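Below: one structure, written as structure tokens.
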2 protein chains.
Amino acid sequence: MNETNVALSIQDSPFARKLLAFVRLSDADLAIMSDLYRRRRRFAVGVDMIHQGQTDQCAYVLASGWACSYKLLPGGGRQIVDIQIPGDFLGLRSILFRTSDHNVEPITPVQASEVRQRDLIAAFSQTPRLATAVLWAASRDEAMVVEHLVDLGRRTATERTAHFLLELGARLRLVGLGDRKGFLCPLSQYRLADTLGLSAVHVNRVLRELREEGLVTFQKGRVVFDDFDALVEMSGFDRAYLDHEGPLLI
Amino acid sequence: MNETNVALSIQDSPFARKLLAFVRLSDADLAIMSDLYRRRRRFAVGVDMIHQGQTDQCAYVLASGWACSYKLLPGGGRQIVDIQIPGDFLGLRSILFRTSDHNVEPITPVQASEVRQRDLIAAFSQTPRLATAVLWAASRDEAMVVEHLVDLGRRTATERTAHFLLELGARLRLVGLGDRKGFLCPLSQYRLADTLGLSAVHVNRVLRELREEGLVTFQKGRVVFDDFDALVEMSGFDRAYLDHEGPLLI
DNA sequence: CGCAACTCCTAACCCAGATCAGTTTTCCGC
DNA sequence: GCGGAAAACTGATCTGGGTTAGGAGTTGCG
């Protein structure tokens, strides 16, 4: 396979597509990227991909399946920080830091490409443009964490749940896994509770309310936006922070 | 001034010192960094440094004073996402994204160096090592936001307040603005409330409890750790996420 | 096939923290 | 040193969401 073919095939991965939405990458850049990508691995539900407190962890680019990163508390509780969907880069902090500060757990069976620290840093010196692209991707992830933080700090349980489902929908649409109508969602109400900082019981109540008011229906692994506009309105959702406005750098 | 002198003087800035704790940067790298740094600006309390929704914003490296980044909600409430202290890079997302997704407000009078988007990206292509360093700094900031998120999602008001004060103390110590005994803190209880996702009234109650139990005293702009170890214990503070373990890359 | 483990769902009760409605103290400019 | 405005502080009351304690499908696996 020559370089152009590699570049063409990598271009179709959800991760590359996301980066290309921001930075123009040359075929050479893409070829370097595809090298990072080589090692494909599979993970079953129930076995964490990344472990808090351990050193020499890898990062991954999710090819298929869902995962979530979370932190455990001394008391036994946990907080899910982010849900990862195909195309997401996960565990960046676990390779930049000596020891990982969080866990990553598959929610469904997962296929992912392993990214090693030295390969990533070597790639940066070959093509600084890739470094900028990765920095952008990391910043976009941070923007989502920030919005999640606002959810927990200043929105009611109902607003928060609505906002979260809208964000997830917007992200999935970007990689072709959903539309304005809704999306398939393998999250249990327990995981949703750990994400939203609520109890599972209350998540159940809130979902019922949202359903009865004709806003969203989340049942049987499927989220359906019954009244998209009303949902956006009540949750104060503003997708600006997802920065979907096309490539910034020439 | 020749290149070596520039490099020597920049090495003493809190920002450079923070990066040097992680990546070894050559004199040439430092010289490139000092170029980014050239434009020094001052900001008075009451005038935001960065505005949500506006384009062509700058980023800044804080030289002196405190600032905070926050998001406003449609309902009029706000959530403070992060407190910035000297040495912190602020507004990275406001230059990587077309429009800023957050505001930054000075808490005290501030001196800061302006960093422009094209200068930053140009610097990356001159020295990829700087790109890695900035990516690390951004990841460390994200780690703090993540811990803040855990605060809001899964800790009680008391744990949360204690945890926040400990983190702030650890960060200030790193730039020489505090010690294990305590630090000077210009935050009002209102701002603390917007940071911790609480009402100002409740912040006041919590601070009183913490004081009466001999854990921390926050009065007259000064935080004093009365019983550091007990405070760490009750809040579940683990400074691993601040990644203070010395340079990772050769 | 049958038991175990999950997940979803519900009702009753309770409490951490919000809200309301102030008073007092501190700070700062004139 | 005085007036005005933040900031700090308080008590009383109310409520969103937690906790406890179930039951009723569903999936999977030995």
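What you see is a predicted model, and the numbers here were worked out from it, not measured in a lab. Residue numbers begin at 1 in each chain, while the letters A, B, ... track the order of the sequences.
Atom CG of B/Leu152 and atom C1' of C/dA16 are 15 Å apart (whole Å). The distance between atom CZ of B/Phe218 and atom P of D/dA8, rounded to the nearest whole Å, is 7 Å. Going from atom CD of B/Glu212 over to atom C1' of D/dT10 covers 12 Å, rounded to whole Å. Following rounding to the nearest Å, B/Gln189 (CD) and C/dT25 (P) show an atom-to-atom distance of 15 Å. The nearest whole Å value for the distance from the CG atom in B/Leu187 to the C1' atom in D/dA6 is 15 Å. We find that NE2 of B/His202 is positioned 15 Å from C1' of D/dG11, with the value rounded to whole Å. The CD atom of A/Glu209 sits 14 Å away from the P atom of C/dC9 (whole-angstrom rounding). Atom NZ in B/Lys220 sits roughly 11 Å away from atom P in D/dA8 (whole-Å rounding).
Using a 4.0 Å cut-off between charged side-chain N and carboxylate O, A/Glu167 and A/Arg171 make a salt bridge. With respect to the salt-bridge test (charged N to carboxylate O, under 4.0 angstrom), the residues A/Asp141 and A/Arg93 do not qualify. Comment: A/Arg155 engages A/Glu147 in a salt bridge, judged by a side-chain N to carboxylate O separation of less than 4.0 angstrom.
At the heavy-atom level, B/Gly197 lies under 4.0 Å from the strands shown only through sugar-phosphate atoms. In this structure, A/Val206 reaches neither bases nor backbone, as no heavy-atom distance under 4.0 Å exists between it and the strands shown.
Dashed line: the shortest gap from a side-chain N or O of B/Arg205 to OP1 or OP2 of D/dT10 is not under 4.0 Å. The shortest distance between the side-chain N/O atoms of A/Gln219 and the OP1/OP2 oxygens of C/dC9 is below 4.0 Å. A/Asn204 has a side-chain polar atom (N or O) that falls below the 4.0 Å cut-off from OP1 or OP2 of C/dC9.
Each of C/dT7, D/dG17, D/dT19 was ranked by its minimum atom distance to the side chain of A/Ser188; first place goes to C/dT7. The side chain of B/Ser199 approaches C/dA18 more closely than any other nucleotide in the set C/dA18, C/dG17, D/dG17.
When every heavy atom of A/Val223 is checked against every heavy atom of A/Val216, the shortest pair comes out as CG1-CG1, 3.9 Å.
Each of A/Tyr190 and A/Arg155 was matched to the nucleotide of DNA chain D holding its nearest heavy atom; the match closer to the 5' end belongs to A/Arg155.
A distance of 10.0 Å separates NE2 of B/His163 from CG of B/Leu231, quoted to the nearest 0.5 Å.
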